[in-house]
There are 2 protein chains.
Amino acid sequence: MQLDDIDRRILRELQQDGRMQNIELARRVGLSPSPCLRRVKLLEDAGVISRYVAVVDQAKVGLQLSMFARVSLTAQDAETIDQFIAAMKRLPEVVECYIMLGESDALLRVVVSDLADYRRFQAANLTRKNGIQTVKTDVPSETIKQTFALPL
Amino acid sequence: MQLDDIDRRILRELQQDGRMQNIELARRVGLSPSPCLRRVKLLEDAGVISRYVAVVDQAKVGLQLSMFARVSLTAQDAETIDQFIAAMKRLPEVVECYIMLGESDALLRVVVSDLADYRRFQAANLTRKNGIQTVKTDVPSETIKQTFALPL
DNA sequence: GATGAAAGCTTGTCCTA
DNA sequence: TAGGACAAGCTTTCATC
């Protein structure tokens, strides 16, 4: 799908406020409501806009900590990796998971309420049965920025 | 703010679909529309729901790569750190930024279209003038999971 | 927390450039 | 091919119980 300038403006606006009314959005991008809505629907149908979500404040629901886990797997064969991937997808505490080139095999961001909670999570889930050999955990002291808004 | 069970159910639903109609949301959590909307407004006003956003598919807008940059600063004094923080907030390519305990001083996730784009970004922005001494970059080969939905 | 009514938005159809 | 105007059917939202 080829995006033009108006499409990009629509995406920028909806990345800032996903509940913006179509009337307001149309005004901001300089269209009348009907063609504006038509473009939004096209962007949704093409999967450019994959979904709309509410962003919940981590601290306000008692989940103070994000932890980064650098994972080494027990092996690099397809079976081990697939087993690991399936396990990570299943765990709601794992909010980001990447298979990495280089030193570690994977990188996780894990959301927990405190250090005790993380220890419990690690002992229960970051284990051999999920294909994991070792875990090195990096601890952030402060979150400066956290967004899904892409630079368009 | 104290959350009860219905509040948590509301948050779970809206984390999945931030544009769910209030009528549908009310049905799912077992309330009639008015008290449901009242709860949503309270959650918004308290900042538990901080915002609503459209999630854009990185690949579909030509931003194929996320890169992780482990940053060491030139110094750890408040001035250097503040200068660094201000710079990271300003850069739209930096979608996540954490100040770290341990080996590196900060961890970034940077969204770019390709390796050449990243090299350009690094040369222009991850520099001494932003308080940065060295950068070690980790490259993901695959994104398994990426969500802001917290485990509630 | 539920009900009911007013106001406003979404969204489809048709028309025009 | 793409935007604009209009109308029907919703939802939201507020006052009241």
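Because the structure is a prediction, the values reported are computed rather than measured. Below, read A as the first sequence line, B as the second, and so on, with proteins coming before strands; counting in each chain starts at 1.
- Between Phe148(B) and Val55(B), every side-chain heavy-atom pair lies at or beyond the 4.5 Å cut-off.
- In this structure, the side chain of Arg19(B) engages the main chain of Gly18(A) through a donor-acceptor pair within 3.5 Å.
- For the residue pair Asn130(B) and Gln83(B), no side-chain donor N or O sits within less than 3.5 Å of a side-chain acceptor on the partner.
- Atoms CZ and CD1, on Arg28(B) and Ile10(B) in that order, are 13.0 Å from each other to the nearest 0.5 Å.
- Aromatic ring centres of Tyr52(A) and Tyr52(B): separated by at least 6.0 Å.
- Protein atom CD1 of Ile23(B) is 17 Å distant from nucleotide atom P of dC9(C), rounded to whole Å.
- With respect to the salt-bridge test (charged N to carboxylate O, under 4.0 angstrom), the residues Arg9(A) and Glu13(A) do not qualify.
- Of all nucleotides in DNA chain D having an atom under 4.0 Å from a heavy atom of chain A, the first and last in 5' to 3' order are dG3(D) to dC6(D).
- When side chains are defined from C-beta on, Leu14(A) does not count as touching Val56(B), because their heavy atoms never get closer than 4.5 Å.
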### Message
side-chain contact (heavy atoms from CB on, under 4.5 Å) for Asp17(A) and Arg51(B)? Distances and angles first, verdict last.
### Response
CA-CA 7 Å; Asp17(A) 177 3; Arg51(B) 61 197 315 197; over 6 Å; no
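- Judged purely by distance below 3.5 Å, without hydrogens or angles, the side chains of Glu93(A) and Tyr118(A) never pair a donor atom with an acceptor atom.
- Among the atoms of the strands shown, only primed sugar atoms or phosphate atoms (P, OP1, OP2) are found under 4.0 Å from some heavy atom of Arg39(A).
- For Glu103(B), there are no side-chain contact (heavy atoms from CB on, under 4.5 Å) partners at least two apart in sequence or on another chain.
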### Query
Going through the distances and angles, do Gln133(B) and Leu73(B) end up as a side-chain contact (heavy atoms from CB on, under 4.5 Å)?
CA-CA 5 Å; Gln133(B) 180 138 71; Leu73(B) 300 179; over 6 Å; no
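- For the helix from dG1(C)-dC17(D) to dA17(C)-dT1(D), the angle separating the two terminal helix axes comes to 30°, with each axis derived from five pairs and the value rounded to 10°.
- Ion pairing of Arg39(B) with Asp4(B) is present here, as a side-chain N (NZ or NE/NH1/NH2) and a carboxylate O approach within less than 4.0 Å.
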Could you go through residues 60-68 of chain B and list every donor-acceptor pair under 3.5 Å that involves a side-chain atom there, pairing it with any protein atom two or more places apart or in another chain?
residue, atom, partner, partner atom, Å
Lys60(B), NZ, Ala46(A), O, 3.2
Ser66(B), OG, Arg109(B), NH1, 3.0

### Task
Assign a letter to each nucleotide of nucleotides 11-17 of chain C from its 5' end: B, base within under 4.0 Å of a protein heavy atom; S, sugar-phosphate only; -, no contact.
BB-----
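- Near-neighbour residues of DNA chain D inside residues 2-18 of chain A, defined by a heavy atom below 4.0 Å, are absent.
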